Amino acid sequence: MLGNFTYSNPTKLYFGEDAIDNLKTELANYGKNIMLVYGGGSIKKNGIYDNVIAILNECGKNVFEDGGVMPNPTVEKLYEGCRIAKENNIDLILAVGGGSVCDYSKAVSVSAYCKEDPWEKYYLRMEEADNKIIPVGCILTMVGTGSEMNGGAVITNHDTKLKIGHVFGENVFPKFSILNPVYTFTLLEYQMVAGFYDIFNHICEQYFSGTDDNTSDYIMEGLMKSLIHSSRIAVENPQNYEARSNIMWTAAWALNTFVAKGKSTDWMVHMLGQSVGAYTDATHGMTLAAVSLPYYRHIMPYGLPKFKRFAINVWNVNPEGKNDEETAAEGLSAMEKWMKEIGLVMNISDLGVTDDMIEGIADGTFIMDGGYKVLTHDEVVEILKESI
Ligand code: NZQ
Ligand code: ZN
């Protein structure tokens with residue numbers, strides 16, 4: 001049965017090849033001081049930086065740059081961003097990049113005027129923002145996280161080896177996001193396919209939970225099928241606009257809170273992947289790929305009907321003459337074949353994990369209780385060992 005819920009998503013999306021034309025209109029809604037946030041320089045190489053700067057200048061804005069946001073943004077970088085935002089009385093944070101740049105911008109938006117240490121308040125104590133929040137706008141260049149249309153902001157603390165995501169409320173969602181699939185054409189294949197799996201796993205995290213018959217699961221099966229189909233085309237031809245645009249749209253729906261409404265969710269693969277990320281700084285989507293199959297095979301017996309449904313509805317497994325376990329297992333084998341086909345990393349050792357890290361990674365893995373099995377510490381260790 002669908003639980004009770006409220007649904008609203010305040011992010012205004014501009015989608016398509018001409019989406020950037022709307023930036024000028026959006027900028028008119030904010031004051032003069034713009035903090036331009038970006039990553040390690042890809043936007044300077046592919047020309048997006050020049051386009052954005054030209055529009056900001058045309059609109060007469062004062063631009064304060066904050067570049068160098070690293071994949072998996074750190075708490076030290078967050079403190080630096082807070083200083084820049086506060087010192088320059090920023091009216092809008094304009095994030096131009098992938099999930100790391102968007103997440104970081106949201107983290108700065110709630111932290112700049114926070115009177116306490118934002119890491120402690122938002123990431124350790126998981127409190128909500130009760131101070132001034134600077135509005136954020138996004139221009140997305142990497143597809144996967146859904147950060148363009150949600151309140152998530154993941155920050156890594158290397159000193160304590162913790163990578164933690166705070167899912168903020170609507171007041172922290174980007175006010176607008178500009179999504180041009182062509183902007184993602186310059187991504188390296190490794191990043192592109194890592195993003196594909198991030199999307200896929202966001203859907204899995206919300207699908208593999210609950211036993212009820214709800215609309216969200218049907219929607220998610222459609223999203224997964226579209227993604228599998230388009231990912232194969234994109235890997236063959238990364239410049240295929242139809243495939244890349246469908247994937248960009250799927251990514252937004254996969255994690256803009258819509259499909260999670262009224263149902264329980266899991267998120268255990270993300271907890272495992274984030275802890276692997278805290279130890280290795282590996283690409284987010286690859287950390288998920290590397291732990292997924294050992295995890296799903298481990299919990300399959302506890303959620304057998306859903307895994308059977310997944311096999312039949314998403315992977316077109318024919319259940320005739322097979323028992324439920326066989327059908328479900330065939331679904332996971334089909335998923336494994338697809339993952340290998342598109343070039344995902346299938347083992348955490350390939351991401352830099354060594355045996356001596358396993359206990360620490362398990363300790364840093366938050367245990368969720370919405371999936372088909374609440375894992376014990378020993379089970380986490382077992383899954384990580386199987387992933388190595
Ligand atoms: O830094 P630059 O030079 O821009 O290069 C980036 C980076 O190296 C590059 N890139 C991005 N757009 C490009 C490009 N290279 C060429 N052409 C382009 N158009 O790609 C690399 C990865 O970028 P990054 O932003 O780190 O990737 P992603 O979008 O996967 O973001 C990962 C972060 O998002 C968090 C992850 O944990 C991780 O910290 N997540 C955020 C979520 C959310 N907000 O809801 C949910 C996710 O589950 C995830 O946890
Ligand atoms: Zn993710």
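Quantities reported herein were computed from a predicted structural model and do not represent experimental measurements. Atoms within each ligand, like the ligands themselves, are counted from 1 in listed order.
Across the listed options Ile164, Leu255, Thr186, Thr186 owns the non-hydrogen atom lying nearest to atom 18 (C) of ligand 1. For atom 23 (O) of ligand 1, the choice among His166, Lys106, Met142, Met70 with the nearest heavy atom turns out to be Met142. Across the listed options Tyr183, Trp267, Phe185, Tyr104, Tyr183 owns the non-hydrogen atom lying nearest to atom 19 (N) of ligand 1. One option in Met286, His284, Gln191 has a heavy atom closer to atom 20 (O) of ligand 1 than any other, and that option is Gln191. Compare Gly39, Ala251, Pro71, Ala95 by their heavy atoms: the one nearest to atom 7 (C) of ligand 1 is in Pro71.
The protein heavy atom nearest to atom 2 (P) of ligand 1 is Gly40 N, 3.3 Å. Of the protein's heavy atoms, Asn72 OD1, 3.5 Å lies nearest to atom 38 (C) of ligand 1. Here the protein heavy atom with the shortest distance to atom 29 (O) of ligand 1 is Gly99 N, 2.7 Å. At the shortest separation from atom 9 (C) of ligand 1 among protein heavy atoms lies Leu187 CD2, 4.2 Å. In this structure, the protein non-hydrogen atom closest to atom 46 (C) of ligand 1 is Thr145 O, 3.7 Å. Closest protein heavy atom to atom 15 (N) of ligand 1: Ser42 CB, 3.5 Å. At the top of the distance list for atom 45 (O) of ligand 1, counting protein heavy atoms only, stands Asn150 ND2, 2.9 Å. At the top of the distance list for atom 33 (C) of ligand 1, counting protein heavy atoms only, stands Ser100 OG, 3.3 Å.
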Quiz item: Where do Tyr295 and Asp266 land on the side-chain hydrogen bond (donor to acceptor under 3.5 Å, both in side chains) test, with the steps shown first?
Solution: CA-CA 12 Å; Tyr295 173 70; Asp266 182 3; 2.7 Å; yes
Practice problem: Kindly indicate, with the supporting measurements, whether the criterion salt bridge (Lys or Arg N to Asp or Glu O under 4.0 Å) is fulfilled by Asp130 and Lys115. | Solution: CA-CA 10 Å; Asp130 51 10; Lys115 294 202 169 53; over 6 Å; no
Practice problem: Using the salt bridge (Lys or Arg N to Asp or Glu O under 4.0 Å) rule, take Lys306 and Asp217 through it: C-alpha gap first, then chi angles, then the decisive distance, then the call. | Solution: CA-CA 10 Å; Lys306 197 58 161 287; Asp217 286 335; 3.0 Å; yes
Exercise. Assess whether side-chain hydrogen bond (donor to acceptor under 3.5 Å, both in side chains) is satisfied between Thr156 and Asn72, documenting all intermediate values.
Key: CA-CA 6 Å; Thr156 300; Asn72 313 315; 5.3 Å; no
Exercise. May I have the step-by-step check of side-chain hydrogen bond (donor to acceptor under 3.5 Å, both in side chains) for Tyr197 and Ser231, ending in yes or no?
Key: CA-CA 9 Å; Tyr197 191 72; Ser231 68; over 6 Å; no
Practice problem: Please test Lys77 against Glu80 for salt bridge (Lys or Arg N to Asp or Glu O under 4.0 Å), starting from the C-alpha separation and ending with a verdict. | Solution: CA-CA 5 Å; Lys77 180 69 184 164; Glu80 186 188 314; 3.2 Å; yes
Exercise. Please lay out, stage by stage, how Tyr38 and Lys44 fare under the test side-chain hydrogen bond (donor to acceptor under 3.5 Å, both in side chains).
Key: CA-CA 10 Å; Tyr38 54 93; Lys44 291 198 171 166; 3.3 Å; yes
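The pair Glu116-Arg125 counts as a salt bridge, with a side-chain nitrogen and a carboxylate oxygen less than 4.0 angstrom apart. A salt bridge links Glu379 with Lys373: the closest approach of a Lys/Arg side-chain nitrogen to an acidic carboxylate oxygen falls below 4.0 angstrom.
Here the straight-line distance linking atom SG of Cys114 with atom CD of Glu127 works out to 8.5 Å at 0.5 Å rounding. Rounding to the nearest 0.5 Å gives a distance of 7.5 Å between CD1 of Ile228 and CE of Met224.
Taking the six-membered ring for Trp and thresholds of 30 and 60 degrees, Phe310 and Phe200 have ring planes inclined between 30 and 60 degrees apart. Ring orientation note: the planes of Tyr123 and His166 are nearly perpendicular, at an angle over 60° on the 30°/60° scale.
Excluding waters, the set of protein N, O or S atoms lying under 2.8 Å from the Zn ion (ligand 2) comprises Asp198 OD1, His202 NE2, His270 NE2, His284 NE2.
Counting the atoms of ligand 1 from 1 in the order shown, those under 4.0 Å from a heavy atom of Ser147 are 44 (N). Ligand-side atoms of ligand 1 in range of Asp103: 34 (O), 35 (C), 40 (N), 41 (C), 42 (C), 43 (C), 44 (N), range being under 4.0 angstrom from any heavy atom. If you number the atoms of ligand 1 from 1 as listed, the ones under 4.0 Å from a heavy atom of His270 come out as 48 (O). Near Gly152, meaning under 4.0 Å from one of its heavy atoms, ligand 1 places the atoms 44 (N), 45 (O).
Legend: side chain to side chain donor-acceptor pair (under 3.5 Å) pairs involving residues 241-262, not counting sequence neighbours, sorted by first then second residue: Thr184-Arg244. For residues 281-304, every residue pair satisfying the salt bridge (charged side-chain N to carboxylate O under 4.0 Å, His left out) rule, not counting sequence neighbours, is listed here: Arg297-Glu336.
By the 3.5 Å distance cut-off applied to N or O atoms, Val154 is not counted among the residues near ligand 1. Not a single N or O atom of Val101, backbone or side chain, sits closer than 3.5 Å to an N or O atom of ligand 1. Ligand 1 has no nitrogen or oxygen under 3.5 angstrom from a nitrogen or oxygen of Ile43. Residue contacts with ligand 1: Thr141 is placed with a nitrogen or oxygen under 3.5 Å of a nitrogen or oxygen of the ligand (distance criterion only).
At a 4.0 Å cut-off, at least one heavy atom of His202 sits close enough to ligand 1 to count as contact. Ligand 1 has Gly41 within reach: a non-hydrogen atom of the residue lies less than 4.0 Å from it. In this structure, Lys163 has a heavy atom closer than 4.0 Å to ligand 1.
Under 4.0 Å from ligand 1, not a single heavy atom of Val143 appears. Neither the backbone nor the side chain of Val167 comes within contact range of ligand 1; no heavy atom lies under 4.0 Å.
There is a protein heavy atom less than 4.0 angstrom from atom 11 (C) of ligand 1.
Hydrophobic clustering, with ILVMFWY side chains joined whenever heavy atoms are under 4.5 angstrom apart, groups Ile367 together with Tyr296.
Remark: His158 NE2 is packed, more than 12 non-hydrogen atoms of other residues, nucleotides or ligands lying under 6.0 Å away.
Cation-pi geometry between Lys12 and Phe176 is not satisfied (NZ or CZ under 6.0 Å from the ring centre, within 45° of the ring normal).
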Mind listing the side-chain donor-acceptor pairs of residues 343-357 below 3.5 Å, one per line with the distance, residues two or more places apart or on another chain?
unit_1 : atom_1 : unit_2 : atom_2 : d
Thr354 : OG1    : Asp356 : OD1    : 2.6

